[in-house]
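What you see is a predicted model; the values in this text were computed from it and never measured. Lettering follows sequence order; numbering is per chain, from 1.
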Amino acid sequence: MPELPEVEHVVRALRRAIVGRTIIASEIKLPKLISPLSVSSFKRKIKGTQITGVSRRGKFILIELDYRVALPHGRASDTGSAGASPARFATRRFVLVVHLRMTGAFLYLNADEELPKHAHAVFYLDNDRRLVFRDQRKFGVMKLVPASQLAALRGIAELAPEPFTSDFNSDYLQDVLKRSQRSLKTLLLDQTKVLGLGNIYAAEALFRSRINPFKPAAKLSKQRVVLLHEAIKEVLEFAVAHLRGGFNLEAGVSYGEAFERFWQVYEREGEPCVKCGTRIKRATHGGRSTYWCPKCQRR
DNA sequence: ACCCTCACCTGCACGC
DNA sequence: TGCGTGCAGGTGAGGG
């Protein structure tokens, strides 16, 4: 389902709901979800951890976990609290790295609510509620890693700069495009080059900047790179600002679904272009559907 | 190093 | 109704 804006939306909802909670137990019904860890070691490691934060890197959700280990003899550890009395515990930090891929979603269930179909992981929290990971197509992945290893994790380490930071600027984008032999549409989907777009927002960003999806990336003029850079940021920002889930945290209704659809070309084959009225076209490109206005996006 | 295709899964909408 | 086909917002492995 999700591209960066949807993931950001899920992160914010999770943050409101689960930060501060302790995971008292878990169930993993789909072992490959958490591989290469075994189910038993995953459960052992995550049990008793406290959720200290929820953040995001690209489309990866990062659930930050602290595990306090009691130390014998009241010895202070360097991660323990400083203060008058010596710490009697050490804190180990972990991150549960989650990628929703196509159909992953989190649910936050009350004690009396039934598990939905395709619930592959269940985390029992200390407030008598459950955080559930559901994923119809089973593409989603979950990795529990020490916080110190996060940055080097394969899949994370290679990611392009975050689109809302100054590192993602038009000079960076021009540099990336110049080196590529691929079409713009294909390149925009590559998370190691441009971060956060998926099939919908790549199409939307190209439409917004009036650039043809099939154009070779290296052939885009500097002027139009600037336009594309603006469009990418605007499309993502607009989506983050306007996404609304139909969910209610207190009622325990699900996250990650029921997003409004406000895109202008995606899934609009045959409909009139909002700018010029020409019928939107669709083609398969690199195995995926691409939508564009043949008049607005001629070049 | 790059780029492409396919594989990973289930479910849904469509046409016959 | 049933069955076959194509398609779905993501990525990684494996090949050229």
Inset, instruction - Could you tell me how the ring of A:Tyr201 sits relative to the ring of A:Trp263: parallel (under 30°), tilted (30 to 60°) or perpendicular (over 60°)? - result: perpendicular
Inset, instruction - Would you check if the side chain of A:Arg282 reaches a backbone N or O of A:Glu269 as a donor-acceptor pair within less than 3.5 Å? - result: no
Inset, instruction - Mark this stacking check for A:Phe139 against C:dT11 as yes or no, applying ring centres under 5.5 Å and ring planes under 30°. - result: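 A:Phe139 ring does not meet the centre or angle cut-off for C:dT11; no stack.
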Legend entry - Per A:Ser180 side chain, nearest of listed nucleotides C:dA8, C:dT11, B:dC3: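 When the side chain of A:Ser180 is considered, B:dC3 is the closest of C:dA8, C:dT11, B:dC3.
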Legend entry - N/O donor-acceptor pair under 3.5 Å between A:Asn169 side chain and A:Ser166 backbone: yes
Legend entry - Presence of A:His99 side-chain N/O under 4.0 Å of C:dT11 phosphate oxygens OP1/OP2: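 Yes, because at least one side-chain N or O of A:His99 sits under 4.0 Å from OP1 or OP2 of C:dT11.
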Inset, instruction - Just compare B:dC9, C:dG10, C:dA13 and give me whichever is closest to any side-chain atom of A:Lys32. - result: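 Side chain of A:Lys32 sits closest to B:dC9.
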Legend entry - Given C:dT11, C:dG12, C:dG10, the nucleotide with the shortest approach to the side chain of A:Arg154: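 Looking only at heavy atoms from C-beta outward on A:Arg154, the closest nucleotide is C:dG12.
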Inset, instruction - Take the protein atom CD of A:Glu3 and the nucleotide atom P of C:dA8, then report the distance between them rounded to whole Å. - result: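 That distance rounds to 13 Å.
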Legend entry - Whole-Å gap separating C1' (B:dC9) and NZ (A:Lys29):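 Result: 19 Å.
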Inset, instruction - Taking A:Asn110 for its side chain and A:Asp112 for its backbone only, find out whether a donor-acceptor pair lies under 3.5 Å. - result: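 Checked: no pair found.
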Inset, instruction - Classify the angle between the aromatic ring planes of A:Trp292 and A:Phe214 as parallel (below 30°), tilted (30 to 60°) or perpendicular (above 60°). - result: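 Perpendicular: the ring planes of A:Trp292 and A:Phe214 meet at over 60°.
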Legend entry - N or O in side chain of A:Arg182 less than 4.0 angstrom from B:dC3 OP1/OP2: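 Affirmative; the distance criterion is met.
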Inset, instruction - Give the rounded distance in Å between these two atoms: CG of A:Leu187 and C1' of B:dC4. - result: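 One finds 14 Å between C1' of B:dC4 and CG of A:Leu187, rounded.
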Inset, instruction - Any chance you could encode DNA chain B as dot-bracket? Rule is Watson-Crick or G-U wobble with both distances under 3.5 Å; [ ] for pairs crossing earlier ones, | for another strand. - result: .|||||||.|||||||
Legend entry - Length of the line joining A:Leu188:CG and C:dG10:C1', which is rounded to integer Å: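 Rounded to the whole Å, the gap is 15 Å.
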Legend entry - Any A:Ser289 side-chain N or O less than 4.0 Å from OP1/OP2 of C:dA8: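 Yes, because at least one side-chain N or O of A:Ser289 sits under 4.0 Å from OP1 or OP2 of C:dA8.
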Legend entry - Phosphate-side-chain proximity, A:Thr186 and B:dC3, N/O vs OP1/OP2 below 4.0 Å: no
Legend entry - Atom-pair distance (CD on A:Glu267; P on C:dG6), nearest Å: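 After rounding, the gap between these two atoms is 19 Å.
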Inset, instruction - Have a look at A:Gly287 and say if it touches a base, only the backbone sugar-phosphate, or nothing, with a 4.0 Å heavy-atom cut-off. - result: nothing
Scan nucleotides 14-16 of chain C against the protein and return all N/O pairs shorter than 3.5 Å with their distances rounded to 0.1 Å.
none

Inset, instruction - Look at the side chain of A:Ser41 and the backbone N and O of A:Leu37, then say whether any donor-acceptor pair between them is shorter than 3.5 Å. - result: no
Inset, instruction - Would you check if there is a donor-acceptor pair between the side chains of A:Ser209 and A:Glu230 at a distance under 3.5 Å? - result: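 No, no side-chain donor-acceptor pair sits under 3.5 Å.
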Inset, instruction - Take the protein atom NZ of A:Lys178 and the nucleotide atom C1' of B:dC2, then report the distance between them rounded to whole Å. - result: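 Nearest whole value for this atom pair: 18 Å.
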Inset, instruction - Grab the NZ-P distance between A:Lys185 and B:dC3 for me, whole Å please. - result: 16 Å
N/O to N/O distances under 3.5 Å, protein versus nucleotides 10-14 of chain B:
unit_1	atom_1	unit_2	atom_2	d
B:dT10	OP1	A:Lys138	NZ	3.0
B:dG11	OP1	A:Lys117	NZ	3.3
B:dG11	OP1	A:His118	NE2	3.0
B:dG11	O4'	A:Gln136	OE1	3.3

Inset, instruction - Could you please spell out the steps behind the side-chain contact (heavy atoms from CB on, under 4.5 Å) verdict for A:Val97 and A:Met142? - result: CA-CA 6 Å; A:Val97 181; A:Met142 219 177 242; over 6 Å; no
Inset, instruction - Using atom CZ of A:Arg288 as one end and atom C1' of C:dG12 as the other, report the distance to the nearest whole Å. - result: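 Result: 13 Å.
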Legend entry - Main-chain N/O of A:Leu189 paired with A:Gln191 side-chain donor or acceptor, under 3.5 Å: yes
Inset, instruction - From the options A:Lys47, A:Glu27, A:Arg130, select the one residue that forms a side chain to side chain donor-acceptor pair (under 3.5 Å) with A:Tyr124. - result: A:Glu27
Legend entry - Distance between P atoms of C:dC3 and B:dC9 (Å, rounded): 24 Å
Inset, instruction - Please determine if A:Arg279 and A:Glu271 form a salt bridge, counting it only when a charged side-chain N lies under 4.0 Å from a carboxylate O. - result: no
Legend entry - Given C:dC7, C:dG10, C:dA13, the nucleotide with the shortest approach to the side chain of A:Lys59: C:dG10
Inset, instruction - Please say which of A:Lys281, A:Lys185, A:His285 ends up in a side chain to side chain donor-acceptor pair (under 3.5 Å) with A:Thr290. - result: A:Lys185
Inset, instruction - Measure from the ring center of A:His99 to the ring center of A:Phe60 and say whether it is less than 6.0 Å. - result: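 Yes - the distance between ring centres of A:His99 and A:Phe60 falls below the 6.0 Å cut-off.
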